[in-house]
> 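Please see the structure below; I have some questions.
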Amino acid sequence: MRALAAGTGGTVYFGAPPDKEVFAVWGHKWLAETIVPNAHAEGRPWWFIDNGYWRSARGTENGYYSITYRGFWPLLLDRPDMNRLPVKPAPWREGRDGYVLLALPGMSYGSILGFDMPAWSKHMQTKIRKSTRRRVVIRDKTSRRPLAADLAGASVVVTHSSKVAVDAVMAGVPAIVAPTNPAAPVAGTDFAMIEDPPRPDRERWWASLMCQQFTLKEMRSGTANYWMDAVKEQADAESAIYPTFRLEAEAIGDTRLQGGIRAPGDDAVCAGCHCQGACRRRRPQETQEAGR
């Protein structure tokens, strides 16, 4: 938090930030459980810091942290830096001979905004087994198996918010995800696609993702602040202050599980940046905030 505050001209608070002040928070728990729902209800801008999408720092000095706006998911930028952290994705895997890899999200993910991951996980296991004859392999968030081993035999990955989907699509394994997943722009967001998931170009999506994760050095230098301004400008211009998502209903295709967050007066449904300007995306992790 000190690194981000240094690069944005913010202040680190060890408690709730002043009323109506824009803040950044690291973590789904403790203070975030109060200040994030309140900010959402007030229409107050906020930023969320979490582990990066690639070479994640995981609370250390080395690696990347993601920063997202008014939510836990990134934006698909119109003009990303195409040369930032370029990584060549593997060719898309074709065929249906492999198993379905169901990557369960963290059970507390999004709870501060009303997400119910235990219910989603239970429902999805049942739904997959009713929809395909292929073997289903379940990967828990706490699994110690190398992810590459689980992806090796998979023909498709199904998950809600897990960053496993990012690794999957970069490894050439197509995915079916919730529209709030960071891989949603290059994955399917409709469960009906499970037998023939999309395999689009990934270049712009990857560049956009890399422009929304930063090292501590980049936070201090102002690089993060530059891209945060770009995200905010595009997000606000598209007037999608909060993503309207009927998570399970629209993202994974079941009308019985319509939980979600609705912006006042906004009836559009977020569809992973496939909704003509109606969606958004951004991301957290602990108890300190930096006013910005």
Side-chain angles (χ1 to χ4, degrees), residues 4 7-10 17 20-26 32 35-50 52-53 64-82 84 110 112-115 161 166 177-186 189 204-214 218-219 222-247 250-251 260-284 289-292:
L4 184 60
T8 60
K20 303 189 183 304
E21 184 171 312
V22 178
F23 64 86
V25 62
W26 161 263
I35 64 174
V36 169
N38 288 346
H40 173 70
E42 296 166 1
R44 175 183 180 185
W46 53 282
W47 296 86
F48 192 64
I49 306 172
D50 199 0
Y53 309 108
Y64 292 87
Y65 294 91
S66 63
I67 303 180
T68 55
Y69 183 54
R70 287 180 160 174
F72 312 134
W73 42 93
L75 175 71
L76 182 61
L77 289 168
D78 292 334
R79 295 182 296 278
D81 179 355
M82 301 301 292
R84 179 173 167 78
I112 56 178
L113 290 181
F115 294 19
S161 50
V166 173
V177 301
T180 50
N181 191 289
V186 290
T189 56
R204 176 192 162 203
W205 160 77
W206 181 256
S208 175
L209 211 58
M210 295 302 97
C211 290
Q212 294 171 81
Q213 67 162 32
F214 311 96
E218 289 175 328
M219 292 184 196
T223 298
N225 187 55
Y226 172 85
W227 285 107
M228 289 167 72
D229 284 344
V231 166
K232 182 179 185 300
E233 180 181 2
Q234 181 177 325
D236 290 346
E238 291 176 356
S239 71
I241 294 179
Y242 299 112
T244 299
F245 41 77
R246 298 183 181 92
L247 286 174
E250 299 299 334
I261 300 166
R262 183 176 298 278
D266 182 5
D267 292 326
V269 172
C270 172
C273 287
H274 302 295
C275 58
Q276 293 76 52
C279 78
R280 188 80 300 95
R281 17 194 97 234
R282 287 35 57 175
R283 245 171 240 224
E289 300 78 47
R292 184 167 183 270

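Reckoned from all heavy atoms, side chains included, excluding hydrogens, waters and symmetry mates.
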> Who pairs with Phe214 by ring pair (Phe, Tyr, Trp, His ring centres under 6.0 Å), at least two apart in sequence or on another chain?
none
> Tell me, do Trp46 and Arg70 make a side-chain contact under 4.5 Å, heavy atoms counted?
yes
> Under 4.5 Å between any side-chain heavy atoms of Met228 and Gln212, yes or no?
no
> Is any side-chain heavy atom of Leu209 closer than 4.5 Å to a side-chain heavy atom of Arg204?
no
> Taking side chain to side chain donor-acceptor pair (under 3.5 Å) as the definition, give me every residue that meets it alongside Arg79, ordered by chain and number, with sequence neighbours left out.
none
> What closest approach, in Å, do Pro185 and Leu76 show between heavy atoms, and which atom pair accounts for it?
CB-CD2, 4.0 Å
> Compare all side-chain heavy atoms of Gln213 with those of Ile67 and state whether any distance is below 4.5 angstrom.
no
> I'd like to check the side chain to side chain contact (heavy atoms under 4.5 Å, CB included) partners of Ala230; sequence neighbours left out, ordered by chain and number.
Trp227
> Could you tell me which non-hydrogen atom of Trp205 sits nearest to which non-hydrogen atom of Pro182, and how far apart they are?
NE1-O, 2.8 Å
> Any idea which heavy atoms bring Lys20 and Arg44 closest together, and the distance?
N-CZ, 3.5 Å
> Can you tell which of Val25, Val22, Thr8 makes a side-chain contact (heavy atoms from CB on, under 4.5 Å) with Trp47?
Val22
> Drop me the distance from Met210's CE to Tyr64's OH, to the nearest 0.5 angstrom.
8.5 Å
> Please report the interatomic distance CG(Leu4) to CD(Glu218), rounded to the nearest 0.5 Å.
12.0 Å
> Testing the basics here: between Leu77 and Cys211, what is the closest heavy-atom pair and its distance to 0.1 Å?
CD1-CB, 3.8 Å
> Do the side chain of Gln234 and the main chain of Asp78 share a donor and acceptor less than 3.5 angstrom apart?
yes
> Listed by chain and number, what are the salt bridge (Lys or Arg N to Asp or Glu O under 4.0 Å) partners of Asp81, not counting sequence neighbours?
none
> Search all heavy atoms of Ala178 against all heavy atoms of Ala184 and return the closest pair with its distance.
O-CB, 3.8 Å
> For the residue pair Asp50 and Tyr65, establish whether any side-chain heavy-atom pair is separated by less than 4.5 Å.
no
> Please answer whether the main-chain N or O of Leu75 pairs with a side-chain N or O of Ser208 as donor and acceptor at a distance below 3.5 Å.
yes
